[in-house]
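Taking it in order: structure first as structure tokens, then the write-up.
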2 protein chains.
Amino acid sequence: MSHFPFQRLQADLAALIAKSPPGSRLPSEPDLAADLGVSRATLREAMRTFEAQGLIRRRQGAGTFVVGKPPVIEAGLEALESMLTLAQRTGLKVGPGPVNVERISADEESASALEVFPASRLIRVSRTMRADLRPVAYLVDTLPEEVLRPEELREKFSGSVLDYLLGRGDPLTISRTEITASNASAEVAKMLEIQRGDVLLQFSAKLISASGKVVDYSHSYFLPGHFKFHIVRKVGKA
Amino acid sequence: MSHFPFQRLQADLAALIAKSPPGSRLPSEPDLAADLGVSRATLREAMRTFEAQGLIRRRQGAGTFVVGKPPVIEAGLEALESMLTLAQRTGLKVGPGPVNVERISADEESASALEVFPASRLIRVSRTMRADLRPVAYLVDTLPEEVLRPEELREKFSGSVLDYLLGRGDPLTISRTEITASNASAEVAKMLEIQRGDVLLQFSAKLISASGKVVDYSHSYFLPGHFKFHIVRKVGKA
DNA sequence: ACACTAGCATTTGTCAGACAACTTCTCCCC
DNA sequence: GGGGAGAAGTTGTCTGACAAATGCTAGTGT
């Protein structure tokens, strides 16, 4: 079939990883290269692609390990709920990581999304969600400072911007969410403890109040495999 | 900061690719390796990750090229429409590729989804959607043979299973769609002319008739960047 | 007996150089 | 002008080597 070593190698490696129990160590690179009939350089290129998929993890001096599949958080998309609410309902032990609150000036993207002037003062709340001691989601909320004051937030913040706004009695109505697949930027990769370029499921959402004002613009990054989002769609035009 | 060559290299490469005009050729590997201060082997490992992200394309004997950003097909997820209908409304010149229709026996996954007995006879319709001469989506529909006969399909098939069923007057109601990020399997990679392991946005949907029967189980694979799916979500419980 | 440390074997990370396979262009010949 | 051979350039793969990090082991001191 494929007389290119790299393609055959990928198939062989995929099979090997699939049949190896999670947490187990693969043979050393020289051994594997000899077994699979390729050079170590070619083997390493192929391994890099599997590492980017999060299927294996390489540690210098220790070896290459198969990573186990994590628990799945399942959620419908019709209603907007905070990740915290979601996690509680699924019964999974998911906890928020440390919360980072900072003042920023609106960049072009945020200003456009929040419908404010460039360089307006904004609040950015970012945090990770952890399940099984591993970060599985990275959430970044951006709000105008007039909507949410940093000091106000630090006092009574429970880990969810949405829950906080609702608890304060804000008249929120809908959220417009955009769904894409993306690759981890350097910043996101660091927070999720993965490699730059790893594949992620990404939501970009605007939270809209009863008056039509955009009160929150958020980016959410989810590790694939940890989440299962579903939606019920009507056939034809609404 | 990062005293590991690979991480610094990824940042440098990302910057280089970002500022290079689409379609342009990068310097040769030996030149680039010298410029960036790494060996060719390390450079190639890094390039492999960017190739998996679809940002560059390497061709033996020709060079490494920056791939341009494609047109975007934007669609809401509240209503279920065929990709064909969608493409027409966006005004983009999107056409279906060759259609493959085959009889199969239900494997475990299909049988479970369609609520039929294992080894039941099924029809599988698979095809790619092309935009700009490139495949951008790969769609696989699986239906019980009692719902759709192959010969019936071949006569009047327009490129969309959904449109065909609707045109026939089937009482379809809703679709339950699951959304994940995934990596291309060997089969999908071949059809989309990408590399195994490349990142994809994946929908898995069940199409349900008025009587509650599952009439179609489909997997759709979308190249990131070509599509923008959005959804309007109500706040709180429905 | 226990804690600590130094050293050694193992493994991944990176480098250098070489050759094969493929693409593209040039130049010569007809 | 057209066609084909050839050369130059580029990616694909291989070999061998050394550096850096890890984990184990044996030895040492208390």
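Small disclaimer: the values here were computed from a predicted structure and weren't measured. Just so we're on the same page: letters track the sequence lines, and every chain starts at 1.
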| message | Go nucleotide by nucleotide along DNA chain D from the 5' end; which of B/Leu26 and A/Ala41 gets its closest nucleotide reached first? | response | B/Leu26
| remark: B/Arg57 atom CZ is separated from D/dT10 atom P, nearest whole Å, by 18 Å
| task | Take the protein atom CG of A/Leu43 and the nucleotide atom P of C/dG13, then report the distance between them rounded to whole Å. | result | 11 Å
| Going by atom types alone, do A/Thr177 and A/Ser175 pair a side-chain donor with an acceptor below 3.5 Å? | yes
| Interatomic distance where CG belongs to B/Leu36 and C1' belongs to C/dT14 [whole Å] | 15 Å
| query | At under 4.0 Å, does any side-chain N or O of A/Thr42 touch on OP1 or OP2 of D/dG12? | reply | no
| request: Establish, from distance only, whether the side-chain atoms of A/Thr64 and A/Glu29 form a donor-acceptor pair under 3.5 Å. | output: no
| request: To the nearest Å, give me how far apart CD (A/Glu45) and C1' (C/dT12) are. | output: 16 Å
| said: Whole angstroms only, please: what is the CZ-C1' distance between B/Arg44 and D/dT10? | reply: 10 Å
| Atom-pair distance (CZ on A/Arg48; P on D/dT13), nearest Å | 17 Å
| request: Run the numbers on A/Arg124 and A/Glu102 for salt bridge (Lys or Arg N to Asp or Glu O under 4.0 Å), then give the verdict. | output: CA-CA 5 Å; A/Arg124 174 155 292 172; A/Glu102 56 181 342; 5.3 Å; no
| query | Any ion pair linking A/Glu51 and A/Arg58 (charged N to carboxylate O, less than 4.0 Å)? | reply | yes
| message | Check this for me, if you would: do A/Glu45 and A/Arg48 make a salt bridge, where the nitrogen-to-carboxylate-oxygen distance has to be below 4.0 angstrom? | response | no
Under 3.5 Å, N/O pairs linking protein and nucleotides 9-11 of chain C:
from: C/dT11; atom 1: OP1; to: A/Arg25; atom 2: NH2; distance (Å): 3.1
from: C/dT11; atom 1: O2; to: A/Gly61; atom 2: N; distance (Å): 3.3

| query | Taking atom types as modelled, is there a side-chain donor on B/Glu109 or B/His219 under 3.5 Å from an acceptor on the other? | reply | yes
| field | Which nucleotide in D/dT11, C/dC15, C/dT12 has an atom nearest any side-chain atom of A/Arg40 | value | C/dT12
| remark: Which of A/Val99, A/Val101, A/Asn100, A/Val140 passes side chain to side chain contact (heavy atoms under 4.5 Å, CB included) with A/Arg127? Answer is A/Val99
| query | Rounded to whole angstroms, how far apart are CG on B/Leu32 and P on D/dG12? | reply | 13 Å
| message | For a quick test of reading the model: is some side-chain N or O of A/Arg58 closer than 4.0 Å to OP1 or OP2 of C/dG13? | response | yes
